[in-house]
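Residues: numbered from 1 along the sequence shown.
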Amino acid sequence: MEEAGVDAEAEAGGAQAPSRQFSCAEAEAAAGAAPEEPCGARGSPQPAPAQPPGDAAARASVSNGEDAGRERELVELKIVWNKTKHDVKVPLDSTGSELKQRIHSITGLPPAMQKVMYKGLVPEDKTLREIKVTSGAKIMVVGSTINDVLAVNTPKDASQQDAKAEENKKEPLCRQKQHRKVLDKGKPEDVMPSVKGVQERLPAVPLSGMYNKSGGKVRLTFKLEQDQLWIGTKERTEKLPMGSIKNVVSEPIEGHEDYHMMAFQLGPTEASYYWVYWVPTQYVDAIKDTVLGKWQYF
């Protein structure tokens, strides 16, 4: 009886005896697999290899950056030169100088011989974004190619110079009776300020506070998108296509050289001139270039 109890206790004790933990190597050996590398090395996480500077992920990060996005931002423009329109897309951060190079590639007109206008002359050192060019804007270009310049007839030039010299001998416009009755009223109190010796782009607002031939108030609005000049008075507004205006003449007002008297020729003769008085001198060249769209020799 005692021996049977001892055997039972031994059997029970054997069942409760803690089992010994196998090492990695022993476990692999028991499974029949030969370890190729230490268990600890396989068990610990390894850092991911650093990506080379030129890999695809790095390049994608740069290409999707803010600067690259700005470089890709394009604006649609209508380039108008010599009565021909060209639809182009250019980066919004292009400078006026870069725009001239693009115009050269389209028209063959050398940059040095271009006058590029958007609400006046486009500065070469400013971007289209800075001067607030919008999509669909019309860019006016005036200038002559080298071939056009070489084709000019010398005798014709001489006759133009003679005609100009003859015109200079005439009495100044501001002294003629038809103009004196307006000029003698004096400078309008609400006329826009003038800056002598400076050329500026056309302002974003209409030129106002001036007189017309009858002594009434007149304002000039330049609708470049519609290629129109609006001449407005208290009674009505005339909307004139710029292509219908045959000539623009101007002359400084004696004693007030920082202002001009200016006429728009609306018909075939001088009788069709629409006169405007007290035009600020800084806008005179921009008005002529915008309305006529070509080089003038007067």
Side-chain angles (χ1 to χ4, degrees), residues 120 142 156-200 202-203 205-223 227-298:
V142 294
K156 184 178 178 180
D157 280 349
S159 64
Q160 287 177 339
Q161 291 174 1
D162 291 342
K164 187 174 181 180
E166 186 66 25
E167 184 179 347
N168 290 337
K169 293 178 183 179
K170 295 180 181 179
E171 183 181 25
L173 293 171
C174 60
R175 294 184 188 177
Q176 295 177 12
K177 184 177 180 180
Q178 59 173 327
H179 304 301
R180 285 267 32 118
K181 64 181 182 180
V182 180
L183 295 175
D184 286 345
K185 294 179 64 173
K187 183 170 66 174
E189 293 182 358
D190 58 344
V191 71
M192 297 179 71
S194 66
V195 183
K196 191 175 181 180
V198 174
Q199 294 182 8
E200 292 186 4
L202 292 176
V205 297
L207 295 177
S208 60
M210 301 168 291
Y211 289 141
N212 59 16
K213 192 173 181 178
S214 63
K217 286 296 182 66
V218 64
R219 66 184 176 275
L220 302 177
T221 306
F222 297 88
K223 294 289 185 178
D227 202 24
Q228 292 180 345
L229 168 62
W230 292 8
I231 301 178
T233 62
K234 184 178 180 181
E235 293 77 21
R236 61 179 181 174
T237 298
E238 295 284 348
K239 300 180 180 181
L240 305 173
M242 292 190 190
S244 69
I245 301 174
K246 303 181 183 305
N247 201 359
V248 180
V249 297
S250 69
E251 182 183 285
I253 299 174
E254 271 189 340
H256 301 275
E257 282 74 14
D258 49 342
Y259 288 93
H260 280 229
M261 49 188 294
M262 176 175 283
F264 301 94
Q265 185 178 349
L266 308 182
T269 66
E270 291 187 5
S272 66
Y273 279 6
Y274 187 98
W275 286 96
V276 178
Y277 303 87
W278 303 102
V279 179
T281 186
Q282 69 267 27
Y283 300 127
V284 169
D285 285 346
I287 292 173
K288 289 182 179 180
D289 291 339
T290 300
V291 172
L292 298 171
K294 59 181 180 179
W295 293 106
Q296 296 298 309
Y297 296 96
F298 53 84

L173 CG to E254 CD distance, which is reported to the nearest 0.5 Å:
10.5 Å
Residue pair Y283 / L220, side-chain heavy-atom distance below 4.5 Å:
no
Under a 4.5 Å cut-off applied to non-hydrogen side-chain atoms, are R219 and T237 in contact?
yes
Polar side-chain atom of E251 near backbone of C174 as donor-acceptor pair, under 3.5 Å:
yes
To check you understand the geometry: which heavy-atom pair defines the closest contact between S272 and Q265, and what is its length?
OG-CG, 3.7 Å
Compare every heavy atom of M242 with every heavy atom of L229, then report the nearest pair and how far apart it is.
N-CG, 4.0 Å
With rounding to the nearest 0.5 Å, note down the distance linking CD in Q228 to OG in S244.
9.0 Å
Can you tell me if R175 has over 12 outside heavy atoms packed within less than 6.0 Å of its CZ?
no
Show the numbers, then the answer: is there a side chain to side chain contact (heavy atoms under 4.5 Å, CB included) between V218 and Y274?
CA-CA 11 Å; V218 64; Y274 187 98; 3.8 Å; yes
Is it the case that K187 places NZ or CZ above or below the six-membered ring of Y259, under 6.0 angstrom from the centre and within 45 degrees of the axis?
no
Name all residues meeting the side-chain contact (heavy atoms from CB on, under 4.5 Å) criterion together with Q199; count only those two or more places apart in sequence or in a different chain, and write none if there are none.
D285
Shortest non-hydrogen pair, P280 vs P193, comes out as CB-O, 3.8 Å
Side chain to side chain contact (heavy atoms under 4.5 Å, CB included) between I245 and L266, intermediate numbers included:
CA-CA 5 Å; I245 301 174; L266 308 182; 4.1 Å; yes
Taking the side chain as every heavy atom from C-beta outward, state whether F264 and L240 have any pair of such atoms under 4.5 Å apart.
no
Locate the shortest heavy-atom distance separating N247 from L292; write the atom from each residue and the value.
CA-CD2, 3.9 Å
Compare all side-chain heavy atoms of N212 with those of I231 and state whether any distance is below 4.5 angstrom.
no
CA sep, side-chain torsions, deciding dist, call: M262, V248, side chain to side chain contact (heavy atoms under 4.5 Å, CB included):
CA-CA 7 Å; M262 176 175 283; V248 180; 3.9 Å; yes
If you measure from CG on D184 to NZ on K177, what distance do you get to the nearest 0.5 Å?
12.0 Å
Run the side chain to side chain contact (heavy atoms under 4.5 Å, CB included) check on Y277 and K213 step by step: do they pass?
CA-CA 8 Å; Y277 303 87; K213 192 173 181 178; 4.2 Å; yes
Below 4.5 Å, heavy atoms only, C-beta onward: do V279 and M210 meet side chain to side chain?
yes
Are any non-hydrogen side-chain atoms of Y211 and L183 less than 4.5 angstrom apart?
no
Distance-only, no hydrogens or angles: does the Q282 side chain make a donor-acceptor pair with backbone N or O of V195 under 3.5 Å?
yes
More than 12 heavy atoms from other groups under 6.0 Å of NZ on K181
no
Min side-chain heavy-atom separation K217-D190 under 4.5 Å
yes
